[in-house]
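As structure tokens, the structure follows; a few thoughts come after it.
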2 protein chains.
Amino acid sequence: MTRTAAGEILTRLRDAGPMSRAELSRITGISSAGVTKITAQMRLEGVIRERSAAEAAPIGRPPVTVEICPESRYVVAIHLGAGQVHVALSDVSLGLSLTESLEYDLSEPADALVSRAAEVARSMIVRSGVPSERILGVGIGVPGSVDATGRVNTHSILTGWQDVHFADAFEAELGLPAVIEHNATALALAECCYGIGSEAESLLYLLLGKGIGAGFAQTGPDGRRNAVEIGHVVVEPGGRPCRCGGRGCLERFFSEEPLRALVGDQDLSRSDLLAAAMQRPEWGKVYEAFLQALGTTVTLLGPEMIVLGGDLGVAPEAFVSELRRDLPGRVMPQQRDGLRIERARFTDPAGAYGAACIALESFFYATGPVAPRWPLRRAGRA
Amino acid sequence: MTRTAAGEILTRLRDAGPMSRAELSRITGISSAGVTKITAQMRLEGVIRERSAAEAAPIGRPPVTVEICPESRYVVAIHLGAGQVHVALSDVSLGLSLTESLEYDLSEPADALVSRAAEVARSMIVRSGVPSERILGVGIGVPGSVDATGRVNTHSILTGWQDVHFADAFEAELGLPAVIEHNATALALAECCYGIGSEAESLLYLLLGKGIGAGFAQTGPDGRRNAVEIGHVVVEPGGRPCRCGGRGCLERFFSEEPLRALVGDQDLSRSDLLAAAMQRPEWGKVYEAFLQALGTTVTLLGPEMIVLGGDLGVAPEAFVSELRRDLPGRVMPQQRDGLRIERARFTDPAGAYGAACIALESFFYATGPVAPRWPLRRAGRA
DNA sequence: TTACTTACCTTACTAAGTAAATTAAGTGGT
DNA sequence: ACCACTTAATTTACTTAGTAAGGTAAGTAA
């Protein structure tokens, strides 16, 4: 979706690392004059800097390498998880400088939650000492579906939210532009751009927690991204009823509650749950259901990589190696060859990384539906 | 993916019908000055015309309605189906003025087929009497996967083609720019833009023929489209081997060959096959497999409408009504509510409509990866 | 020193739009 | 008949984001 030459240049510098203006011109197709002009502007804005040339070519004028200044701009990341909110401040290389979390009750009204999260964000901004004009915007990750404009949370099963205008709400609270995205989708993009999937063209991010969800992301201009309701793929037609209204959904087999029931231990930490479940005789059926749903998802969406996130990111090595062994047999040969299965790189406040990534795409790399905000002089004019 | 204001205006005139410049400005957000300038250029080019105003508002200066001239430009459509090629000439409203078909053997080399198809296209262009500068380009529908650039047929199971550069080949043959797309995907877009799905935001096109395939299309800027390998969704793990390399794929249950085996009649026409199959006692299992794969596909992709194409487009009414009754129970409630199931509007040389649509998107409405070609004066300068 | 190569910058230009003011073409009140 | 009012369309002057062409910078090699 990269639209402007400036966004294209920044994205290349992020993905391929520091390089000379000449090389930028070659790989982007932008004229060298254009690169000069745009990089000059960016240097004025403090967004990129020159670096004392690396290995010069043996001939001709040695190139000057330019690189992104990670701390030149920041975004606020707000991850609304199941009962927990993470707020963080991220630089443009997805480095989180401050993070904070807060608990909430799933029945808490959305607007009350927005106020509390915004208060945390405000105090964090103050504490960080980052001048406000360097903070470009807010990215919000939500545990449910998002409309096409990236402003409304249309539906969240877990909390019961319906058509909540989170972007509007946070913009009003913080005075910064905001975008929202589905949690797993945001994480898919984060892994795709900055994490384990940076070499892959497309990726499916699997998120196991209270439920099981997924997101799909693709790099490049016109790279699409979308939520994937893998938790509600039917793996046992006519099976047990699911909160989604269907029957026999994957989530009724492979998510916290059914796994806990399988293990029969309510005190086990969630990260140990999978290891314990794998010891049970009934595990085979659960694993088969998971494999079937995942195989179908890969067949239909064709990702080059599967990234295991949430509790799957800390799954026992046996689980990962079994999956690497068994999944290829469930997908088409063309997909099978290149298919990689990896653990997620971003953990801990994983959702905050996703939310930050979404904000960066929109407000810094200019690949989202919103105009970039880093040219400060233009923003100052408004 | 609409990028230029000109493309945006044309797309609106297509989707919402003729309207005044003022209204175009309002709904697109383009300044009224811009609309004036752009429409003036388009009128010069002969692409749009004014119409003696419709019902004027009771107050203020009466608006002048503008509309697209369907016969102002043409594209060549080439549909490469299973053993049959359709070549057609289409105006910008997807009206096919000439169509022709030719048979080929599935083992015929791709380049020989290109030559023969191109020869048909050349003679058709001559016969049509359309001046060559009004023919914008070629759209090619292929029975397999296509790379991201819209130029290479990476893989076709039916014919065994691998990495065939159809766009390059037809450009060389015809001297016109070319784009390719997966057949079912092209048809999805055609139904979405001009056919039964014009009110829907997104749609899944199901194509039953020798195999079963599908395509997904979404309207609007950033509207994505992609092939959907529904035929290779596994509906019976460990089942009968499929030519794709997997086992128990839907295509082993629900496509020409297995249906014919079910009915036990080799002479039945393909359009009567489904009706005959529905009478057999084993139909229930086949239908269940279809329902399961389709339900999962809808869950994962979330289309607003399902369009039945190919032999499904002429399926018995009983089939369609059963599907309308049974499918909603297999998808999530949010998807269930708005989900519509309809027969395709484009039949006969259906694939040609798809191919034409793809060409129009790229070369006229400027929503594809290629620059629009309708401004003749610019093209003349090159 | 001179020739050559590659990197980068400057100038002049163009494409594609916008904002603000102006003109056009109707209605209805007096 | 005339004028206020409204909406539509156009014109003018400007802005933004680039490109093309050519010049300058900074090194190596003979």
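A quick note: this is a predicted structure, and the numbers were derived from the prediction, not measured. Below, read A as the first sequence line, B as the second, and so on, with proteins coming before strands; counting in each chain starts at 1.
DNA chain D lies under 4.0 Å from at least one heavy atom of each of the following residues of residues 13-33 of chain A: A:I30, A:S31, A:A33.
By the 6.0 Å and 45° rule, B:R14 stacks over the aromatic ring of B:Y365.
Pair check for C:dC9 finds D:dG22; Watson-Crick or G-U wobble, both atom distances under 3.5 Å.
Per the geometry, CD1 belonging to A:I9 stands 14 Å off C1' belonging to C:dC8, to the nearest Å. In this structure, B:R51 atom CZ and D:dA8 atom C1' are separated by 17 Å, rounded to whole Å. Put simply, NZ on B:K37 is 12 Å from C1' on D:dT10, counting in whole angstrom units. Here the P atom of nucleotide C:dT18 and the CD1 atom of B:I38 are 7 Å apart, to the nearest Å. Atom pair B:Q41:CD and D:dT10:C1' shows a separation of 16 Å (rounding to whole Å applied).
For B:E71, the salt bridge (Lys or Arg N to Asp or Glu O under 4.0 Å) criterion is met by no residue, not counting sequence neighbours. Residues passing the salt bridge (Lys or Arg N to Asp or Glu O under 4.0 Å) test with A:E173 are A:R122, sequence neighbours excluded. Checked against side-chain hydrogen bond (donor to acceptor under 3.5 Å, both in side chains), B:R12 has the following partners two or more places apart in sequence or in another chain: B:E8. For A:R43, the side-chain hydrogen bond (donor to acceptor under 3.5 Å, both in side chains) partners are A:E50, not counting sequence neighbours.
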When you compare the protein's N or O atoms with those of nucleotides 1-6 of chain D, which come within less than 3.5 Å of each other, and at what distance?
none

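When the options A:I140, A:V179, A:L187 are evaluated for a side-chain contact (heavy atoms from CB on, under 4.5 Å) with A:I358, the one that passes is A:V179.
Between the side chain of A:E171 and the main chain of A:A178, a donor-acceptor pair closer than 3.5 Å is present.
Electrostatic pairing of A:R73 and A:D91 does not count as a salt bridge here, judged by no charged N lying under 4.0 Å from a carboxylate O.
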